[in-house]
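One structure is given here, and the rest of the page talks about it.
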Amino acid sequence: MKPTTLLPLLLQIAAFTSALPTADLPLSDPVEATRIADYWKPPIKSDIQFILTGIPDIDDGYINPKTGIYELDMFWTPAETMKGLKELGQRTVCYFSAATAETWRDDYKDFQKQDLGLELPDWPGERYLDIRRDNVLKVMKKRIDIAKEKGCDSIEPDNVDVYSNENGFKPVITPDDTIAYLHKLSEYARSKGMSVGIKNCIEILGDIFDDVDFAISEECVQYLNCTVYSNFTTAPRPGTEGKAVFEVEYLNYTYSGGWSDQGIALDPSKFRTNNVNFPGLTNEKLRRKLCNLDEPGASLETPYLKINTIIKTLDLDGFVMFCDGTAAKTQTKDVETGNRPGLNRRSWVREKSWRRMGGMPFDP
Ligand SMILES: *[C@@H]1O[C@H](CO)[C@@H](O)[C@H](O)[C@H]1NC(C)=O
Ligand SMILES: *[C@@H]1O[C@H](CO)[C@@H](O)[C@H](O)[C@H]1NC(C)=O
Ligand SMILES: *[C@@H]1O[C@H](CO)[C@@H](O)[C@H](O)[C@H]1NC(C)=O
């Protein structure tokens with residue numbers, strides 16, 4: 001190509017690219033921030049599948065169940081899986097810890113000594129982070145960049161309720177520190193076109209309403225805390241709209257029926273379920289309880305307080321039961337964790353909430 005023909009082409013390209021929003025707009029500029037704040041958010045009534053042990057195996061070209069939304073470990077789930085899920089019509093919520101440093105994560109070396117607080121009592125190698133420090137925010141922004149590269153539609157920065165734990169920082173981390181931190185994480189993620197979900201953190205739900213796009217509750221039925229979400233799913237203030245809440249309740253089950261090739265439980269009547277916190281409640285009665293189906297006016301179509309409930313086991317593996325009694329097992333693959341095989345996030349989260357609530361509910 002001669003330079004004379006190349007020049008107009010280059011000018012055209014330049015004009016075209018300058019009309020596109022740049023990825024790195026200054027976040028402090030409110031006009032630009034709103035212009036690019038166009039991202040997917042879960043509809044208020046949605047299903048979700050939540051897998052933190054293993055990663056979905058989509059090698060055979062299908063995913064089951066088609067909940068429409070999958071929450072997965074951001075580091076462990078490869079970009080191909082995220083992209084494959086998207087091709088199968090599923091949105092992805094990418095989970096990472098935003099307030100603890102885990103030695104087995106690739107970017108652990110990016111934390112500085114002053115970022116690190118006490119080690120979590122039951123988790124050697126995992127330490128609280130001082131969420132007020134710039135370096136911590138810097139590491140998290142890089143994680144958000146990875147989420148974007150992998151094709152995540154949304155992030156769930158977990159463990160940000162670090163204020164409720166014995167973390168070793170002085171002066172103490174307050175709920176206001178978490179609110180400020182979430183605001184920055186959220187602004188950054190949204191500027192990259194991803195929505196933001198928050199797990200638990202019920203003490204600050206009202207304050208963070210504008211900074212999050214959905215909430216995840218663990219065991220609000222068992223902790224008698226579902227009503228704290230009523231403001232979240234309905235417009236809390238004039239000019240606002242309610243946002244989706246996903247609720248995960250845990251049970252144990254045995255199943256003597258068969259599974260289909262694609263992991264669908266063929267005979268729901270053959271489930272035997274129980275939950276230590278509801279002794280005596282099994283099967284359908286337990287499911288109705290965990291799904292709030294016995295609350296006045298509640299039904300599968302109009303769930304109590306508009307909360308979307310799924311039932312899982314504490315492993316957070318491929319098993320999921322829905323409020324209508326159907327159940328499925330997403331085919332999963334093991335994760336090469338390098339160390340800590342069989343890592344189970346959940347048991348830690350539960351320990352932590354027990355401590356926060358001052359003991360296990362319904363303890364004899
Ligand atoms: C959650 O429920 C527990 C137990 O019923 C209660 O002590 C606590 O105050 C509730 N928390 C909130 C924020 O409502
Ligand atoms: C809902 O919001 C109203 C108004 O801010 C507040 O008075 C009320 O306590 C909130 N309800 C819950 C359950 O948090
Ligand atoms: C499931 O069973 C185990 C072993 O009995 C128990 O420790 C655990 O708390 C049970 N989980 C639930 C959610 O009931």
Side-chain angles (χ1 to χ4, degrees), residues 47-54 65 67 71 73 95 120-124 126 156 158-159 161 164-165 199-202 215-229 245-257 259 263 265 268-295 303-304 307-330 332 340-364:
D47 274 327
I48 195 167
Q49 168 63 306
F50 201 8
I51 300 178
L52 296 182
T53 300
T67 48
E71 169 151 345
D73 186 280
Y95 168 100
L120 278 63
D122 305 315
W123 289 99
E126 182 163 2
E156 196 239 297
D158 203 38
N159 300 323
D161 55 350
S164 62
N165 296 102
K199 189 188 284 152
N200 301 328
C201 282
I202 53 177
I216 299 170
S217 150
E218 287 185 298
E219 305 181 302
C220 74
V221 172
Q222 296 174 62
Y223 286 111
L224 309 172
N225 283 122
C226 292
T227 52
V228 303
Y229 291 98
V245 172
F246 299 102
E247 220 282 277
V248 191
E249 292 284 331
Y250 298 98
L251 57 58
N252 284 331
Y253 76 88
T254 55
Y255 177 54
S256 55
W259 296 92
S269 71
K270 292 186 172 160
F271 274 101
R272 294 290 170 266
T273 57
N274 67 72
N275 176 304
V276 287
N277 294 331
F278 296 107
L281 271 194
T282 57
N283 305 335
E284 193 187 344
K285 280 187 178 148
L286 175 59
R287 173 164 49 82
R288 292 188 65 82
K289 175 75 188 172
L290 297 180
C291 288
N292 282 307
L293 281 171
D294 294 325
E295 296 295 333
Y304 177 60
I307 291 173
N308 304 299
T309 305
I310 55 168
I311 297 171
K312 293 193 55 93
T313 64
L314 283 165
D315 304 334
L316 285 173
D317 61 6
F319 173 83
V320 61
M321 184 182 269
F322 299 100
C323 288
D324 66 2
T326 59
K329 260 185 195 166
T330 303
T332 58
R340 298 179 82 178
L343 178 73
N344 176 354
R345 288 297 318 168
R346 171 59 204 162
S347 42
W348 175 69
V349 176
R350 183 180 51 166
E351 283 287 319
K352 195 172 64 137
S353 27
W354 285 350
R355 281 202 294 276
R356 185 173 66 225
M357 300 294 188
M360 219 182 113
F362 305 99
D363 240 0

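Read the numbers this way: they start at 1 and go in the same order the structure lists the ligands and their atoms. Every heavy atom of this structure was used, including side-chain atoms; hydrogens, water molecules and symmetry mates were not. Values in this document were obtained by computation on a predicted structure and should not be read as measured data.
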Checking the N or O distance criterion of under 3.5 Å, is ligand 3 in contact with Tyr250?
no
Between ligand 3 and Leu251, is the shortest N or O to N or O distance under 3.5 Å?
no
With Glu71 via salt bridge (charged side-chain N to carboxylate O under 4.0 Å, His left out) - residues at least two apart
none
Using only heavy-atom distances, determine whether the side chains of Glu218 and Tyr250 contain a donor-acceptor pair under 3.5 Å.
yes
Can you name the ring-ring contact (aromatic ring centres under 6.0 Å, His included) partners of Tyr253, sequence neighbours left out?
Phe271, Phe319
Considering Thr273, Val276, Ile311, Asn252 one by one, which has a heavy atom nearer to atom 2 (O) of ligand 3 than any of the others?
Asn252
Under 3.5 Å donor-acceptor, Gln222 side chain and Asn277 backbone:
no
